[in-house]
Number of protein chains: 2
Amino acid sequence: MNNWLNVADDHDFSEHNLPFGVFRSGGESHIGVAIGDHIIDLNIYASDGNLSETSFDASTLGEGTLNAFMDCGRPAHKELRIKLQSDLGNENSSLASGRDKYLVDRIGAEMVMPIEIGDYTDFYSSIEHATNVGKMFRPDNPLLPNWKHIPVGYHGRASSIVMSGTPIRRPKGQLMPPDADAPVFGPSKRMDFELEMAFVTCKGNALGDTISTADAEDHIFGMMVFNDWSARDIQKWEYVPLGPFLGKNFGSTISPWIVTMDALDPFRVTGPKQDPKPLEYLHCEKDHSFDIKLQVSLQPKDSESTIICRSNYKYMYWNLAQQLAHHTVNGCNVRTGDVMASGTISGPQKGSFGSMLEISWSGKEPITLKDGSTRTFIEDNDTIHMNAWCQKDGKRVGFGTCSGEILPSN
Amino acid sequence: MNNWLNVADDHDFSEHNLPFGVFRSGGESHIGVAIGDHIIDLNIYASDGNLSETSFDASTLGEGTLNAFMDCGRPAHKELRIKLQSDLGNENSSLASGRDKYLVDRIGAEMVMPIEIGDYTDFYSSIEHATNVGKMFRPDNPLLPNWKHIPVGYHGRASSIVMSGTPIRRPKGQLMPPDADAPVFGPSKRMDFELEMAFVTCKGNALGDTISTADAEDHIFGMMVFNDWSARDIQKWEYVPLGPFLGKNFGSTISPWIVTMDALDPFRVTGPKQDPKPLEYLHCEKDHSFDIKLQVSLQPKDSESTIICRSNYKYMYWNLAQQLAHHTVNGCNVRTGDVMASGTISGPQKGSFGSMLEISWSGKEPITLKDGSTRTFIEDNDTIHMNAWCQKDGKRVGFGTCSGEILPSN
């Protein structure tokens with residue numbers, strides 16, 4: 001620990017983390033960095049001239065979203081990180097002497113969407129999830145022939161991605177009852193979450209250009225926890241042949257803080273062995289997997305939470321460098337502020353499955369919560385909390401909680 | 001005809017049309033309206049105070065995209081249309097007296113992206129196209145069980161939508177040769193166009209709210225021609241189970257002018273009978289189909305064009321009101337500037353098929369061009385031109401050309 005705020009090394013928002021977010025200050029949106037129970041208000045800190053000697057344009061920190069700052073590139077993000085760590089370690093820094101002005105309470109701060117999202121892509125990169133779902137939706141054919149060759153992904157809806165804490169209304173739609181001749185209309189009866197991580201891009205490529213696996217992390221600002229809410233019954237009836245649509249696009253929830261790739265770097269691990277060996281454009285020279293512990297709790301209204309899943313980002317078969325290289329290998333252009341989610345992150349055994357569909361094995365195996373009630377899917381006024389953190393050698397880097405309550409259909 | 005420019009009623013850009021676009025003027029992007037061979041520069045026209053008495057905020061016409069003006073709503077668009085028609089019919093109007101200042105040459109003007117696109121959705125609403133493709137991709141199961149119940153759609157890539165005239169590079173990707181054990185990497189060998197129309201939204205709904213078929217057109221600014229370029233071999237190997245991705249997202253091309261719903265209103269027709277009757281939220285009280293004639297030409301490099309498809313937007317089984325009502329029935333939020341494309345618009349007989357996949361019946365039936373060469377799919381340096389127009393009682397409303405050349409893979 002080397003900070004005058006005495007934030008412990010094993011705090012979610014230790015000095016080893018310094019994640020970025022946007023919070024409401026008066027009527028305005030300010031960019032901030034979390035440290036312990038505080039937020040450094042970078043809008044005010046930068047406008048006071050404390051970053052006048054940086055090599056990047058510090059006025060980008062005066063914007064209401066992170067896009068302009070993200071667009072400055074990885075070296076700028078690293079430079080600011082080093083400067084803040086230096087200030088936090090120096091009791092005579094301008095940050096220390098101006099702490100009444102520059103620090104605000106994190107607990108109770110209203111967090112808002114930190115980025116203006118361009119396009120949103122969802123991958124499907126956990127082999128355990130793909131196999132589990134495959135067994136239920138396509139028993140004869142669980143893991144499709146392309147899965148081990150392609151980091152399968154599809155485009156999702158950017159407009160309905162919301163900040164943690166935003167309630168989500170149970171969607172209505174077409175449902176095909178078993179053995180019926182025609183669909184009926186009504187609220188989804190199989191509301192689900194999907195435990196995912198998402199990365200945010202920070203440097204685009206021109207249409208027609210590609211991004212290699214070696215360069216991929218230069219184009220990634222950081223990561224968030226991502227709940228890809230799903231209505232399984234709507235999805236099941238609609239998704240052949242063009243993929244999920246209304247079963248997904250009624251809402252997705254992100255955690256409030258974006259943890260930078262620099263903060264995640266110490267938690268890099270070797271990913272699963274890929275067999276067969278993928279095509280050359282998907283080869284990686286270094287490790288792009290990260291040991292990020294994941295946990296999901298379900299909290300009924302006015303009741304306590306029950307942990308229903310413990311998983312880890314390191315289980316992902318395809319890593320983020322492969323995802324980005326694949327996404328652009330055809331010349332598709334990525335812009336600063338695009339969001340790419342991992343797909344549901346299930347682990348190998350029961351207890352580590354990242355969706356109710358898998359946890360209750362398509363509704364056949366209800367789980368019992370601490371309050372004695374049972375669940376196969378999410379009920380009205382249930383809240384799903386997702387947490388993610390890295391911890392190693394006593395140092396911790398956390399993402400904060402990604403929460404959302406399901407409201408009754410109206 | 002009632003205009004001092006003497007633009008004939010059967011001109012693509014007659015006084016009955018008045019479509020909106022954005023063109024380069026000096027170093028800036030200006031909003032304009034096409035009339036005959038001219039563009040009315042609305043940026044200059046509005047900033048001179050000629051719209052000071054309108055009920056909407058005319059300063060929105062000073063922006064570099066149409067989003068802020070579109071956001072003013074359908075009554076504002078209609079009000080401006082009536083004002084411009086009145087000015088064009090009056091030789092003493094400020095538009096007439098200021099014509100040297102307000103009118104620029106349309107021929108040779110550089111058109112740029114007229115809107116900042118939020119989310120892009122592609123539907124699949126032509127029964128002829130769905131049946132044709134189904135026969136080729138899934139011979140046993142051409143029209144899937146959900147097709148006549150759901151206006152099937154999926155999310156596409158907004159970042160790679162480009163203005164007519166922008167070349168598109170042939171994409172590389174994973175291809176699965178017939179009878180091979182593993183995919184190979186290389187340029188697509190089955191490059192295709194898809195003849196589509198797209199609408200642009202102009203008024204959003206909040207997350208959790210819906211838009212009814214009766215209200216749908218209040219949320220639609222206008223329409224464009226849309227070429228949804230497709231790499232059939234990449235698409236075929238990747239698309240099960242989550243839908244098309246790299247086979248589509250390397251580029252889509254729009255026509256330069258957005259024709260408003262007010263201009264299209266006289267060309268409203270009754271759509272195909274829907275049997276079985278769709279669920280109630282998809283019922284329509286009035287006609288939402290339009291008689292828009294469509295034509296596609298293929299032009300090899302330095303050679304003449306050959307018309308390869310004549311189709312019509314009126315063939316669409318699902319109309320735009322049903323598409324928008326379906327898209328939002330689960331509470332998905334639409335924002336001003338979203339683009340929703342129709343899906344390939346094929347007609348019932350040969351000659352009216354809207355893609356090379358159908359025209360050459362998956363490559364089995366080559367077509368012969370005017371220069372004597374043959375095609376099954378698009379070759380390098382071929383340009384695809386798409387045209388769309390309405391004509392009735394001597395009055396014409398055209399969309400201009402949507403063109404794009406396929407460059408060799410690099």
Side-chain angles (χ1 to χ4, degrees), chain A residues 118-122 124 137-138 144-146 149-150 152-160 162 166 168-169 171-174 176 182-185 204 207-208 231 234 237-247 249-251 276 279-281 326-327 329-335 338 407 410, chain B residues 118-122 124 134 137-138 144-146 149-150 152-160 162 166 168-169 171-174 176 182-185 207-208 231 234 237-247 249-251 276 279-281 326-327 329-335 338 407 410:
Chain A
D119 280 290
Y120 155 52
T121 298
D122 194 23
Y124 186 55
F137 277 56
R138 298 171 299 274
L144 290 163
N146 57 14
H149 297 281
I150 293 178
V152 171
Y154 66 106
H155 295 294
R157 182 88 190 167
S159 70
S160 54
V162 297
T166 310
I168 298 288
R169 199 162 286 286
K172 289 183 182 169
Q174 295 197 20
M176 189 63 163
V184 297
F185 183 78
L207 187 64
I234 295 173
W237 170 233
E238 76 177 355
Y239 91 106
V240 178
L242 298 182
F245 186 52
L246 300 192
N249 67 13
F250 57 90
L279 283 164
E280 193 175 340
Y281 76 94
H326 180 66
H327 203 315
V329 75
N330 68 342
C332 179
N333 58 325
V334 164
R335 299 174 292 190
D338 289 345
L407 300 181
N410 61 6
Chain B
D119 280 291
Y120 154 53
T121 298
D122 194 23
Y124 186 56
F137 277 55
R138 297 172 298 275
L144 290 163
N146 58 13
H149 298 280
I150 293 179
V152 171
Y154 67 105
H155 296 294
R157 182 87 192 168
S159 70
S160 54
V162 298
T166 310
I168 298 287
R169 200 162 285 286
K172 290 183 182 169
Q174 294 196 20
M176 189 63 164
V184 298
F185 183 78
L207 187 65
I234 294 173
W237 169 233
E238 75 176 356
Y239 92 107
V240 178
L242 298 182
F245 186 53
L246 299 193
N249 67 12
F250 58 90
L279 283 164
E280 194 175 341
Y281 77 94
H326 181 66
H327 203 315
V329 76
N330 68 342
C332 179
N333 59 325
V334 165
R335 298 175 292 189
D338 290 344
L407 300 183
N410 60 6

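Each chain gets a letter, A, B and so on, in the order the sequences are listed, and its residues count up from 1.
- In this structure, the side chain of E238(A) engages the main chain of G247(A) through a donor-acceptor pair within 3.5 Å.
- Interface remark: of the candidates T166(A), D338(A), D122(A), I234(A), D338(A) forms the most heavy-atom pairs closer than 4.5 Å to chain B.
- In this structure, a donor-acceptor pair under 3.5 Å is absent between the side chains of N249(A) and S160(A).
- Minimum interatomic distance between P276(A) and H149(A) (heavy atoms only, all atoms of both residues): CG-CE1, 3.8 Å.
- Between chain A and the options R335(B), E280(B), Q174(B), heavy-atom pairs under 4.5 Å are most frequent for Q174(B).
- In this structure, the portion of V152(B) lying under 4.5 Å from any heavy atom of chain A is its side chain and not its backbone.
- For the options V240(B), D119(B), N146(B), heavy-atom pairs under 4.5 Å to chain A are most numerous at D119(B).
- The choice from G204(A), G251(A), P241(A), G118(A) that makes the most heavy-atom pairs within less than 4.5 Å of chain B is P241(A).
- With a 4.5 angstrom heavy-atom cutoff, L246(A) touches chain B via backbone and side-chain atoms both.
- In this pair, Y281(B) and H326(B) present their aromatic rings parallel. The plane angle is below 30°, not in the 30 to 60° band.
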Practice item. Please test F245(B) against H155(A) for ring pair (Phe, Tyr, Trp, His ring centres under 6.0 Å), starting from the C-alpha separation and ending with a verdict. Key: CA-CA 7 Å; F245(B) 186 53; H155(A) 295 294; 4.9 Å; yes
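- Looking at residues two or more places apart in sequence or on another chain, you find a ring-ring contact (aromatic ring centres under 6.0 Å, His included) between Y120(B) and F226(B).
- Your options are G134(B), G156(B), P244(B), and the one with the most heavy-atom pairs under 4.5 Å with chain A is G156(B).
- Across all non-hydrogen atoms, the minimal contact from R169(A) to G208(B) is CD-O, 4.5 Å.
- Of all the listed residues (A231(A), G173(A), P183(A)), the one sharing the greatest number of non-hydrogen pairs under 4.5 Å with chain B is P183(A).
- Under the side chain to side chain contact (heavy atoms under 4.5 Å, CB included) rule, S159(A) has a single partner from V334(B), N333(B), L207(B), which is N333(B).
- Looking at V162(B), only its side chain comes within 4.5 Å of chain A, counting heavy atoms on both sides.
- For L242(B), the parts sitting under 4.5 Å from any heavy atom of chain A are the backbone and the side chain alike.
- At least one side-chain heavy atom of T121(B) sits less than 4.5 Å from a side-chain heavy atom of R157(A).
- If you measure heavy-atom distances from L144(B) to chain A, the contacts under 4.5 Å come from the side chain alone.
- Residue contact with chain A, scored on non-hydrogen atoms closer than 4.5 Å, involves the side chain of L279(B) exclusively.
- Chain A forms more heavy-atom pairs under 4.5 Å with one residue of G331(B), G153(B), P145(B), P171(B) than with any other, namely G153(B).
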